[in-house]
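Here the structure is laid out as structure tokens; the discussion comes afterwards.
As the structure lists them, so they are numbered: ligands from 1, and atoms in each ligand from 1.
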Amino acid sequence: MVVILLGPPGVGKGTQGGLLVDALGWVRIATGDLLRAARRDGTALGQEAQRYMDAGELVPDDLIVAMVREHLEALGPDTSILFDGFPRTVAQAVSLDAMLPEIGRRVDGVLLFEASDEVLVKRISGRRSSPEGRVYNIHFDPPKVEGICDVSGSPLVHRADDHPDTVVRRLEVYRAQTAPLVSYYEATPTRVMPVAGDAPMSEVRRRVHEALQEALGVETEAS
Ligand code: AMP
């Protein structure tokens, strides 16, 4: 099974992606997390990506596609994959559609998360992340100890690109470059599953499981 999490920054893709992977044992490919890891490791990719990320712009398609290809090649043939934050442009979606058949796959479904800009800005401003990619929210989903990840014990950070000016730019970039993916996928056999993301985490989780079960027959303990 190959499923894409699509939606604006702050809509809860990362949180729901983490929950789904824990529940279903799928492998998550989150390009934002991979880029942040590359930056921490000081790789050439990380250095190149930095200026785009800090400005709230998209990293060039060829760099992203090469990074995803590398991760896909390392996966076994039966691994179910959850893409989070990829594809983000129609060009990336076209590349993915060319890559997947090489490993006998296709995109089965797109979970399309939606919420108003007001909700998104509030979510992003309260967001804190662990270096391992676990996401909390000081308003809606705080860690047990302020500033510390419940799971790893690492200090939580407020991402540079989660600051207000960059957030506005990231929302514009989403509308201009990523939202066209909805009609791209609607014109293919891929199932597009809208999920209203403006509810508490547990309710959104229930909606996600219900959508996956109804549209794709994915059995989960929560559905
Ligand atoms: P995210 O953690 O998914 O919000 O991504 C953080 C930043 O990483 C984005 O604002 C982009 O600068 C960059 N990024 C992540 N995924 C992609 C992608 N698929 N294409 C281009 N840039 C990306």
Of all residues at least two apart in sequence or in a different chain, which pass the side chain to side chain donor-acceptor pair (under 3.5 Å) check with D161?
R159
Sort out for me which residue in I4, L72, D108 forms a side chain to side chain contact (heavy atoms under 4.5 Å, CB included) with I81.
L72
Applying salt bridge (Lys or Arg N to Asp or Glu O under 4.0 Å), name anything that partners R175, two or more places apart in sequence or on another chain.
D117
Looking only at atom types and distance, does a side-chain atom of T190 sit under 3.5 Å from a main-chain N or O of V107, one as donor and one as acceptor?
yes
Does a donor on one side chain and an acceptor on the other come within less than 3.5 Å for Y185 and D97?
no
In order of chain and number, which residues sit within 4.0 Å of ligand 1 by heavy atom?
T31, G32, L35, R36, M53, E57, L58, V59, I64, G85, F86, R88, Q92, R159, D161, R170
Can you sort out the partners of E132 under salt bridge (Lys or Arg N to Asp or Glu O under 4.0 Å), two or more places apart, ordered by chain and number?
none
